[in-house]
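First up is the structure itself, then whatever we jot down about it.
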Amino acid sequence: MGDVLSRRLVELFRWVDPGPGSSHLVSDLSAWWRDPEVLAGLGPALAGLFPADRPTVVIAPEVTGLLLGPLVAVAAGAGFLPAYKDGGERRRVGPMRWAETPPDYRGRQLRIGVDARRLGPGDRVLLADDWVATGAQLDALHRLIRDSGAAFVGTAALVATCPAPVAGRLRLRALLTAEQLPEA
């Protein structure tokens, strides 16, 4: 299934010009979410990157992580904990554990957080994301995991375009690399 899914991800992938004022093309992953076979395969494929690690919870950053994270969690037999960006419109109830990100691919520094009541010692955490370019949000989440006393399993991603030191630090495994995608 992995090779078939990876080929299908490449077939459906597109770069899009967002229009005037943009300095670069952006990835269009919408065809991945629209294809029922791809959607059904994403969770098992990403959970399968860490077959023996038995996470108890999957954490994924908003926005696309709110779709992808639960797919991975169900496939891994784990719970799901969303990570929210500070300043968004979603209202949070209860205490949050926050961390600052280093600059992301747009040069922004964000605060990202999880419900402090839902993460702690005894948890085994797998991070999930669609695209890892700088790893900024995932680095902040990794610190949150460590500071909560939970164990960090690793990071499962659809696409990894980050430098090798970032991938190593995040224990990153991905279905696709930059070299497999069509040129921008």
Checklist entry - Does L68 belong to the same Ile/Leu/Val/Met/Phe/Trp/Tyr cluster as V132, with side-chain heavy atoms less than 4.5 Å apart forming each link? => result no
Checklist entry - Would a hydrophobic clustering, with Ile, Leu, Val, Met, Phe, Trp and Tyr connected at side-chain separations under 4.5 Å, put L29 with V16? => result no
Checklist entry - Linking I/L/V/M/F/W/Y whenever any side-chain heavy atoms sit under 4.5 Å apart, do V63 and L127 land together? => result no
Item to check | E62 side chain vs P82 backbone, donor-acceptor pair below 3.5 Å | outcome: no
Checklist entry - What's the spacing between Y84 OH and M96 CE if we round to 0.5 Å? => result 7.5 Å
Item to check | Derivation of the side-chain contact (heavy atoms from CB on, under 4.5 Å) call for V72 and F80 | outcome: CA-CA 9 Å; V72 177; F80 172 66; over 6 Å; no
Next on the checklist: L71 vs L46, test: side-chain contact (heavy atoms from CB on, under 4.5 Å). Steps then yes/no.
Outcome noted: CA-CA 9 Å; L71 296 174; L46 290 172; over 6 Å; no
Checklist entry - Are the side chain of E100 and the backbone of R111 linked by a donor-acceptor contact shorter than 3.5 Å? => result no
Checklist entry - What pair of heavy atoms forms the shortest contact from A99 to A140, and how long is it? => result CB-O, 3.6 Å
Checklist entry - About how many Å separate CZ of F152 and CG of L144, when rounded to the nearest 0.5 Å? => result 12.0 Å
Item to check | Flag if over 12 foreign heavy atoms under 6.0 Å of CZ, R117 | outcome: yes
Next on the checklist: Tell me the closest heavy-atom pair linking P163 and A133, and the distance in Å.
Outcome noted: CD-O, 3.8 Å
Checklist entry - Any salt bridge (Lys or Arg N to Asp or Glu O under 4.0 Å) pairs touching residues 124-135, not counting sequence neighbours? => result none
Next on the checklist: Taking salt bridge (Lys or Arg N to Asp or Glu O under 4.0 Å) as the cut-off, I'd like each qualifying pair that reaches into residues 16-29, sequence neighbours left out, listed once.
Outcome noted: none
Checklist entry - Where do V166 and L172 land on the side-chain contact (heavy atoms from CB on, under 4.5 Å) test, with the steps shown first? => result CA-CA 8 Å; V166 173; L172 176 62; 5.9 Å; no
Next on the checklist: With a 4.5 Å cut-off on side-chain heavy-atom distances among I, L, V, M, F, W and Y, is there a chain of contacts connecting L67 to L49?
Outcome noted: yes
Item to check | Distance-minimising heavy-atom pair for S22 and P18 | outcome: OG-CG, 3.0 Å
Item to check | Minimum-distance pair of heavy atoms, taken over all atoms of A174 and A160 | outcome: CB-CB, 3.6 Å
Item to check | Expected output: side-chain W32 to main-chain V38 donor-acceptor under 3.5 Å | outcome: no
Checklist outcome for this item: Output for pair (D3 CG, L175 CG), nearest 0.5 Å, gives 10.5 Å
Next on the checklist: Can you tell whether the side chains of D147 and R143 come within less than 4.0 Å, N to carboxylate O?
Outcome noted: no
Next on the checklist: Within this structure, what is the CG-CZ distance for the pair D139 and R169, rounded to the nearest 0.5 Å?
Outcome noted: 4.0 Å
Checklist entry - Side chains of T56 and D123: do they bring a donor and an acceptor to under 3.5 Å? => result yes
Next on the checklist: Tell me if the CZ atom of R108 is crowded by more than 12 foreign heavy atoms within 6.0 Å.
Outcome noted: yes
Next on the checklist: Using the rule that Ile, Leu, Val, Met, Phe, Trp and Tyr join whenever any side-chain heavy atoms are under 4.5 Å apart, tell me whether F13 and W33 fall into a single cluster.
Outcome noted: yes
Next on the checklist: If you compare all heavy atoms of P55 against all heavy atoms of A78, which two are closest, and at what distance to 0.1 Å?
Outcome noted: O-CB, 3.5 Å
Item to check | For the student: nearest non-hydrogen atoms of A136 and P102, plus distance | outcome: CB-O, 3.3 Å
Checklist entry - Where the side chain of D35 meets the backbone of E37, is there a donor-acceptor pair that is under 3.5 Å apart? => result yes
Next on the checklist: To the closest 0.5 Å, what do you measure between CD1 (I59) and OG1 (T155)?
Outcome noted: 10.5 Å
Checklist entry - In Å, rounded to the nearest 0.5 Å, how long is the span from CD1 of I145 to CG of L126? => result 9.0 Å
Item to check | Non-neighbouring partners of W98 that pass ring pair (Phe, Tyr, Trp, His ring centres under 6.0 Å), sequence neighbours left out | outcome: none
Next on the checklist: Just so I know, are the side chains of V159 and L9 near enough to count as touching, which here means a heavy-atom distance under 4.5 Å?
Outcome noted: no
Checklist entry - Under 30°, 30 to 60°, or over 60°: which ring-plane class applies to W131 and W15, parallel, tilted or perpendicular? => result perpendicular
Item to check | Exam field: side chain R14 to backbone E11, donor-acceptor pair closer than 3.5 Å | outcome: yes
